[in-house]
Amino acid sequence: MCSSDLAWIVPAAIDSHVHLAYLPAESEMLDGGVAGVVDLAAPKSWLAEDHQGLRVLAAGPMITADGGYPTQGWGRNGYGQEVSDATEAQAAVRALHEAGAGVVKVPIDSGPSLDDTTLAAVVKTAHAAGEKVAAHALGDADAARAATAGIDVLAHTPVSALAASTLSAWSGKAVISTLAAFGGGSTTLANLRALRDAGATVLYGTDFGNTRTAGLDPEELVLLSEAGLTPAEILAATTSAPAAYWGFDDLGSITPGKSASLLVLDRDPLVVPLTLAHPRQVWIDGHCRTGCR
């Protein structure tokens, strides 16, 4: 058999941080080998939209303080829901859940921010509904505060150096990579390596909408390698780990009973993980999307 006849088959990918209301690209995501996404900020009305067969777990608007991120910038048109106290925060989480949200996102930064009581109310209400809570927290103090509040996942790898106590606090929790979105700086790469070593689950995510590559992003895969993840860890971060973490029960592995959503690759991803970004064929739910003859 010629080498060109060889192929490797892996599950289709899951991107754990996108903004599809900001940059609609469901079809392009599917064509690029991404079968599922976690959308971490969109107007509430977007929760009811059709996503063209793409599995979507969505937060709706971030729960934020009056005047808090992202309402004064890119997210001023419904990407954040401002609350004044714990009672309003609980009501907001419940209303979003009823509207179809399956995850909650909060910003924790130097601007107007939820106080500790309100943050605790968000986490308690979300967990009671069976939802995880993600935090936009880019600095050490913010990441530490998020862990103390019981938040489950960092929506980005923090860009400021993390203290040993912060790393320890994130053991057993999760972090979404989004390395390319912040330039792939050495401190951010070191943080992801240290979080992984401390016992945090690494989930592949691109912050698509702020980045522009629909489908598996080769730059993100390269940066995951530079952060010290092995090819097996990169494959897990794009497939089995997010499927288990977020509850995409029919994705993440190629086994009986799962969706026939898979990538056909020219090279072994356990040797060359970048091959994930250049599939020979993409199959979603048993239908060939790209590379078909």
Side-chain angles (χ1 to χ4, degrees), residues 10-62 70 74-75 77-80 96-97 99-105 131-132 134 153 155-156 176-178 180-181 203-221 237-243 245-252 254 258-265 276-292:
V10 300
I14 297 166
D15 189 328
S16 291
H17 190 146
V18 303
H19 297 287
L20 289 176
Y22 198 72
L23 183 59
E26 284 91 342
S27 181
E28 292 86 349
M29 281 285 184
L30 291 165
D31 289 344
V34 174
V37 300
V38 182
D39 191 288
L40 287 178
K44 185 177 178 179
S45 60
W46 185 82
L47 294 170
E49 292 189 10
D50 174 69
H51 301 301
Q52 303 177 42
L54 183 69
R55 272 67 159 185
V56 177
L57 180 71
M62 298 186 214
W74 67 269
N77 295 317
Y79 289 80
L96 288 172
H97 179 72
V103 60
V104 173
K105 186 180 180 184
E131 298 181 10
K132 292 183 169 67
V153 55
H156 305 280
I176 302 168
S177 58
T178 70
L203 306 171
Y204 164 91
T206 62
D207 201 10
F208 178 79
N210 293 307
T211 60
R212 290 291 188 269
T213 300
L216 280 150
D217 188 338
E219 184 178 3
E220 192 70 24
L221 297 174
T238 63
T239 57
S240 58
Y245 188 79
W246 298 115
F248 288 100
D249 294 336
D250 65 340
L251 300 178
I254 301 174
K258 300 278 189 178
S259 167
S261 295
L262 52 89
L263 311 181
V264 180
L265 307 174
L276 292 166
H278 307 288
R280 183 191 301 179
Q281 291 183 343
V282 174
W283 291 75
I284 302 294
D285 294 329
H287 301 284
C288 188
R289 298 275 312 191
T290 59
C292 312

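Just so we're clear, the structure is a prediction, and the values are computed from it rather than from any experiment.
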Does Asp207 use its side chain to pair, donor to acceptor, with the backbone of Ala181 at less than 3.5 Å?
no
Ignoring hydrogens, what is the shortest heavy-atom contact between Ala101 and Glu131? Give both atom names and the distance.
O-OE2, 3.1 Å
Check step by step if side chain to side chain contact (heavy atoms under 4.5 Å, CB included) holds for Leu20 and Leu54.
CA-CA 11 Å; Leu20 289 176; Leu54 183 69; 3.6 Å; yes
Using atom types as modelled and distance alone, determine if a side-chain donor or acceptor of Tyr22 lies under 3.5 Å from a backbone N or O of Ala41.
no
Do His19 and Trp74 have ring centres separated by under 6.0 Å?
yes
Say you draw a straight line from CG of Leu263 to CG of Leu216; how long is it, rounded to the nearest 0.5 Å?
6.5 Å
Hey, are the side chains of Leu251 and Trp246 touching, using non-hydrogen atoms and a 4.5 Å cut-off?
no
Report yes or no: does Thr211 contribute a side-chain atom to a donor-acceptor pair with the main-chain N or O of Thr213 at less than 3.5 Å?
no
Quick check: do Val10 and Leu262 have side-chain heavy atoms less than 4.5 Å from each other?
no
NE2 of His51 to CH2 of Trp46, rounded to nearest 0.5 Å, is 4.0 Å
Is a side-chain N or O of Ser177 found less than 3.5 angstrom from the main chain of Gly205, in a donor-acceptor match?
yes
Answer yes or no: is there an ion pair linking Asp249 with Lys258, defined by an N-O contact shorter than 4.0 Å?
no
Note: Ala180 and Glu220 closest approach over all heavy atoms is N-OE1, 2.9 Å
So Val282 and Asp31, do their side chains get closer than 4.5 Å, heavy atoms only?
no
Do Val103 and Val153 have side chains that approach each other closer than 4.5 Å (heavy atoms only, starting at C-beta)?
no
To the nearest 0.5 Å, tell me how far His287 NE2 sits from Leu30 CG.
12.0 Å
Qualifying residue, where the test is side chain to side chain contact (heavy atoms under 4.5 Å, CB included) with Val37 and the options are Val18, Ile14, Leu57:
Val18
So which atom in Thr239 and which in Ala13 form the shortest heavy-atom distance, rounded to 0.1 Å?
CG2-CA, 4.5 Å
Establish, from distance only, whether the side-chain atoms of Arg289 and Ser27 form a donor-acceptor pair under 3.5 Å.
yes
Return yes if some donor-acceptor pair links the side-chain N/O of Tyr204 with the main-chain N/O of Asp217 below 3.5 Å, else return no.
yes
Establish, from distance only, whether the side-chain atoms of Thr206 and Asp15 form a donor-acceptor pair under 3.5 Å.
yes
Nearest atoms (heavy-atom pairs only) where Leu40 meets Ser16:
CD1-O, 3.7 Å
Parallel, tilted or perpendicular, as decided by the 30° and 60° cut-offs, for the rings of His17 and His156:
tilted
For Pro61 against Leu96, the heavy-atom pair lying closest together:
CD-CD2, 3.6 Å
Closest heavy-atom pair, Asp285 versus Ser259, reported as atoms and distance to 0.1 Å, is OD1-OG, 2.6 Å
Taking the side chain as every heavy atom from C-beta outward, state whether Trp283 and Ser261 have any atom pair closer than 4.5 Å.
no
Would you say the side-chain atoms of Lys44 pair up with the backbone N or O of Gly60, donor to acceptor, closer than 3.5 Å?
no
Within the side chain of Gln281, is there an N or O that forms a donor-acceptor pair under 3.5 Å with the backbone of Gly291?
yes
